[in-house]
Amino acid sequence: MAEPPSGEQVSAALERMRHVASAWRQVASALAEAAAMTDDTELTRLQAGLFQIAFDKYAEAPRYFRDRLAEGTAVMGQIAATLSDNANAYAIEEALLLHELNRMW
């Protein structure tokens, strides 16, 4: 049976989980920025001018990309929240167990 992790190992693991959660939040932020940029790619029929036939096929593209980017933003945010919640829950549980062990002595 493996030995339980040391306090330093637990702290390092929790720090790493929080770091990774922060990275997922950064990705979510980048996707949200990209979604906002799709507003600049929308054209009106008047702007399309001679390209009316192509416009009908193009008109939905910016909305499609914006929707996919919004989905990605939401999922990345959920992953970050899950990692943070789990790190916090583990830290609380670890502190409570340590407190109980110290009380036994």
Side-chain angles (χ1 to χ4, degrees):
M1 191 162 170
E3 289 191 30
S6 69
E8 292 84 22
Q9 289 172 319
V10 170
S11 293
L14 294 176
E15 182 181 325
R16 186 69 184 148
M17 282 179 77
R18 289 186 175 111
H19 176 75
V20 171
S22 176
W24 282 102
R25 279 190 205 92
Q26 289 174 354
V27 172
S29 178
L31 290 178
E33 288 178 27
M37 290 180 195
T38 62
D39 293 340
D40 295 336
T41 63
E42 291 190 36
L43 296 175
T44 64
R45 281 202 174 276
L46 184 60
Q47 291 170 319
L50 297 173
F51 301 99
Q52 294 297 312
I53 295 171
F55 176 80
D56 291 337
K57 294 183 180 189
Y58 169 80
E60 293 298 316
R63 187 175 307 116
Y64 176 82
F65 282 106
R66 187 172 32 256
D67 291 348
R68 299 301 73 77
L69 289 165
E71 287 174 4
T73 300
V75 170
M76 301 304 156
Q78 290 168 353
I79 291 169
T82 299
L83 286 167
S84 292
D85 291 347
N86 286 336
N88 292 339
Y90 192 87
I92 290 168
E93 188 172 324
E94 184 71 14
L96 290 173
L97 289 172
L98 185 59
H99 175 72
E100 288 297 318
L101 282 174
N102 287 336
R103 235 177 48 169
M104 284 183 189
W105 302 110

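This one's a predicted model, so the numbers in the text were calculated from it and none came from an experiment.
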Determine whether T82 and M17 satisfy the following criterion, side chain to side chain contact (heavy atoms under 4.5 Å, CB included), listing intermediate values before the conclusion. CA-CA 10 Å; T82 299; M17 282 179 77; over 6 Å; no
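Remark: side-chain polar atoms of E42 are not paired, donor with acceptor, to backbone N or O of D39 under 3.5 angstrom. In this structure, the side chain of S29 does not engage the main chain of R25 through any donor-acceptor pair within 3.5 Å. Within the 3.5 Å criterion, the main-chain N or O of T38 finds a donor-acceptor partner in the side chain of T41. Side chain of E60 to backbone of K57: no donor-acceptor contact under 3.5 angstrom is found.
Legend: residues meeting side chain to side chain donor-acceptor pair (under 3.5 Å) with D85, ordered by chain and number and at least two apart, are absent. Under the side chain to side chain donor-acceptor pair (under 3.5 Å) criterion, T73 pairs with no residue at all, not counting sequence neighbours.
Atom CZ in R16 sits 11.0 Å away from atom CG in L83 (nearest 0.5 Å).
Around OH of Y58, the count of heavy atoms belonging to other residues, nucleotides or ligands within 6.0 Å exceeds 12. The environment of CD1 in I53 is sparse: at most 12 heavy-atom neighbours from other residues, nucleotides or ligands sit within 6.0 Å. Atom CZ of F65 sits in a sparse spot, with 12 or fewer heavy atoms from other residues, nucleotides or ligands closer than 6.0 Å. Around the CD atom of E71, the shell of radius 6.0 Å holds more than 12 heavy atoms that belong to other residues, nucleotides or ligands. The 12-atom threshold is exceeded at CD of Q47, counting heavy atoms of other residues, nucleotides or ligands nearer than 6.0 Å.
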